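Data block below; observations after.
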Amino acid sequence: MALDQYFKDNRERHLAELTEWLSIPSVSSLSEHKQDTLKGGEWIANNLREIGMENVQIIPTAGHPVVYGDWLHAEAAPTVLVYGHYDVQPVDPLHLWETEPFQPAIRDNKIFARGATDDKGQSFMHVKAVEALLKEHGKLPVNLKFLIEGEEEIGSVNLPEFVEENQDLLSSDVVVISDTGMQEKGQPAICYGLRGLAGVQIDVKGAKGDLHSGLYGGAVQNALHALVQLLDSFRDENGVIQVDRFYDKVEPLSDDERTAYDALNFSDEALKTELEVDALFGEKGYTSLERMWTRPTLEINGMWGGFEGEGIKTVLPNEAHAKITCRLVPHQDPDEIVELLTKHVEAHTPPGVKVKVTPFDKGAPYVTPYDHPAIQAAGKSYERVYGVPTQFIRGGGSIPIVAVFDQILQKPIVLMGFGLPGENFHAPNEHFHLENFDQGLRVIADYYNTLADVLKK
């Protein structure tokens, strides 16, 4: 490829810059990292200026700011809006990290750090692909806008309002996002659908305070026991969710999609080996891929209460808490699901306690036709670099802003992922394979050139 030499000559510098960005603990969900998160946005804004992007701004929101920049000098060419995020997940449990999460380390041709693949590493590739095109050719084949936010990991809470109020600023012909993954090593994939998200916190309150288990045990409800009983009511032994009307709007998978998924030759045994478990579990009657991509879920993400120190403290805890999220599929509405969850909790609350349900993250599911020219062009760019046909898949995760872009901007959204399933995003030892960093730069540059022809004005 024409830019091969540029990427080779600048690889060490690019990795040094990425290391610098990854060193910033831009954890958007933790108030103690508010300034670090702002610093993460400022870093990428400065980098956009350095590569030649114009009108670079750090735009305030009610939460963490949005970074914007553009280059709009390609006459009669399409406009591409590139979305990414500079915020990252918390790092706990810290003791499971082999190296410090904000001290990036390269080993086995992988870069280890929080945000390495989700999403700093992938967003950074778009910036460096643009840099290469501008340095080598003095111009871009397309008009290009960057929108990099700082709240994706907390549900993009303020970005929908920003998009709604800035439709002219964000107007484009296609939206490109690299925040998803490939099917497997060496096998590129275009994700044409994502599950939505609905999350709640459940707070159980019992007696006025913790009670002595010898004096009151057996006569007063234990908040932890009440929480366990409540949580157990959400699913049966076959993984089927027991919330009334939860599945009402879930459509069955089409025969064409099921045939396409069968052709992927997904291996349950390989998944068990990768995860180091002796069995898989999920909704009865569906394959693992169907469960992960096309079926809704209800999962307990955390629970706490009572005494957690060394030894034993014989108390009846008066409080207990849990966080729950549901992954949603097309036609399921996050607000409606939260309402159904709340009604279920109210109907199944054990006696002797009061329960409060607080909504948190929400995001609508998204599916787009994968025969759109912009999506097919992305597949061709992958094929030219990786040398194998691109697969078209759904993703089990959620990027809440994708549905917002779809509803407000009403333009095709191309999810060009370069992560791999085992790269531990949201978990200790998150990392990014540098093979995909190197090849991804070439795919992105090729794609911008291809789009100039495919979506020619």
Side-chain angles (χ1 to χ4, degrees), residues 1 3 7 78-85 116-133 140-142 144-149 152 172-194 293 366-399 401-403 405-406 409 411-421 423 425 432-455:
M1 292 183 64
L3 297 175
F7 290 131
T79 298
V80 180
L81 175 64
V82 178
Y83 164 85
H85 63 92
T117 187
D118 181 21
D119 177 50
K120 288 180 178 177
Q122 298 200 58
S123 295
F124 184 76
M125 288 193 300
H126 283 274
V127 178
K128 296 299 108 174
V130 170
E131 173 193 285
L133 289 165
L140 298 178
V142 296
L144 197 137
K145 301 177 179 181
F146 276 101
L147 175 65
I148 305 178
E149 71 153 321
E152 195 277 342
S172 61
D173 297 291
V174 61
V175 180
V176 177
I177 300 173
S178 292
D179 195 15
T180 52
M182 297 168 53
Q183 183 64 9
E184 59 185 45
K185 185 177 176 64
Q187 178 56 69
I190 297 288
C191 180
Y192 67 93
L194 293 166
W293 290 355
Y366 170 77
V367 174
T368 189
Y370 57 79
D371 57 357
H372 190 282
I375 292 178
Q376 290 298 312
K380 295 300 181 184
S381 291
Y382 274 116
E383 289 178 25
R384 280 189 283 271
V385 175
Y386 282 87
V388 297
T390 302
Q391 295 177 341
F392 294 89
I393 65 173
R394 290 202 201 182
S398 305
I399 308 176
I401 199 60
V402 169
F405 285 142
D406 179 47
L409 302 182
K411 298 297 180 181
I413 301 170
V414 181
L415 300 173
M416 298 184 69
F418 298 95
L420 290 177
E423 288 182 333
F425 37 89
F432 190 24
H433 284 67
L434 294 182
E435 171 189 338
N436 290 327
F437 176 82
D438 295 330
Q439 292 181 296
L441 288 168
R442 292 155 174 81
V443 172
I444 293 167
D446 183 90
Y447 183 53
Y448 290 154
N449 280 314
T450 303
L451 274 180
D453 294 325
V454 172
L455 300 182

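Owing to the predicted nature of the structure, the values given are computational and were not obtained by experimental measurement.
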- Task: Please name all residues satisfying side-chain hydrogen bond (donor to acceptor under 3.5 Å, both in side chains) with Glu149, sequence neighbours left out, ordered by chain then number.
- Result: Tyr83, Ser156

- Item | Counterpart residues, side-chain hydrogen bond (donor to acceptor under 3.5 Å, both in side chains), relative to Asn449 (two or more places apart) | none

- Pairs satisfying salt bridge (charged side-chain N to carboxylate O under 4.0 Å, His left out), at least one member in residues 118-133, at least two apart: Arg13-Glu131, Glu17-Lys128, Lys128-Glu131

- Could you pull out all residues at least two apart from Gln187 that satisfy side-chain contact (heavy atoms from CB on, under 4.5 Å)? Gln183, Glu184, Val388, Gln391

- Any donor-acceptor pair under 3.5 Å linking the side chain of Gln122 with the backbone of Gly417? no

- Query: Considering residues at least two apart in sequence or located in another chain, which fulfil the side-chain hydrogen bond (donor to acceptor under 3.5 Å, both in side chains) criterion with Glu423?
  - Reply: Thr117, His433

- Query: Would a 4.5 Å heavy-atom cut-off, applied to side chains only, mark Leu133 and Pro141 as touching?
  - Reply: yes

- Item | By side-chain contact (heavy atoms from CB on, under 4.5 Å) - contacts of Ala132 (at least two apart) | Leu3, Tyr6, Phe7

- Message: Could you work out, with salt bridge (Lys or Arg N to Asp or Glu O under 4.0 Å) as the rule, every residue matching Asp406, not counting sequence neighbours?
- Response: none

- Sorted by chain and residue number, the ring pair (Phe, Tyr, Trp, His ring centres under 6.0 Å) partners of Tyr386 (sequence neighbours excluded) come out as none

- Would a 4.5 Å heavy-atom cut-off, applied to side chains only, mark Arg384 and Thr450 as touching? yes

- Message: Let me confirm one number: the OG-CD1 distance from Ser172 to Ile413, rounded to the nearest 0.5 Å.
- Response: 9.0 Å

- Neighbour count above 12 (heavy atom, 6.0 Å) for Phe425 CZ: no

- Message: Test of understanding: with side-chain hydrogen bond (donor to acceptor under 3.5 Å, both in side chains), list the residues that count as partners of His126, not counting sequence neighbours.
- Response: Ser178, Tyr448

- Just jot down the side-chain contact (heavy atoms from CB on, under 4.5 Å) partners of Thr390, sequence neighbours excluded, or say none. Pro188, Ile190, Tyr382, Glu383

- Query: Side chains of Tyr447 and Val176: closer than 4.5 Å at any heavy-atom pair?
  - Reply: yes

- Nearest-0.5 Å distance, CD1 of residue Ile401 to CD1 of residue Ile177: 8.0 Å

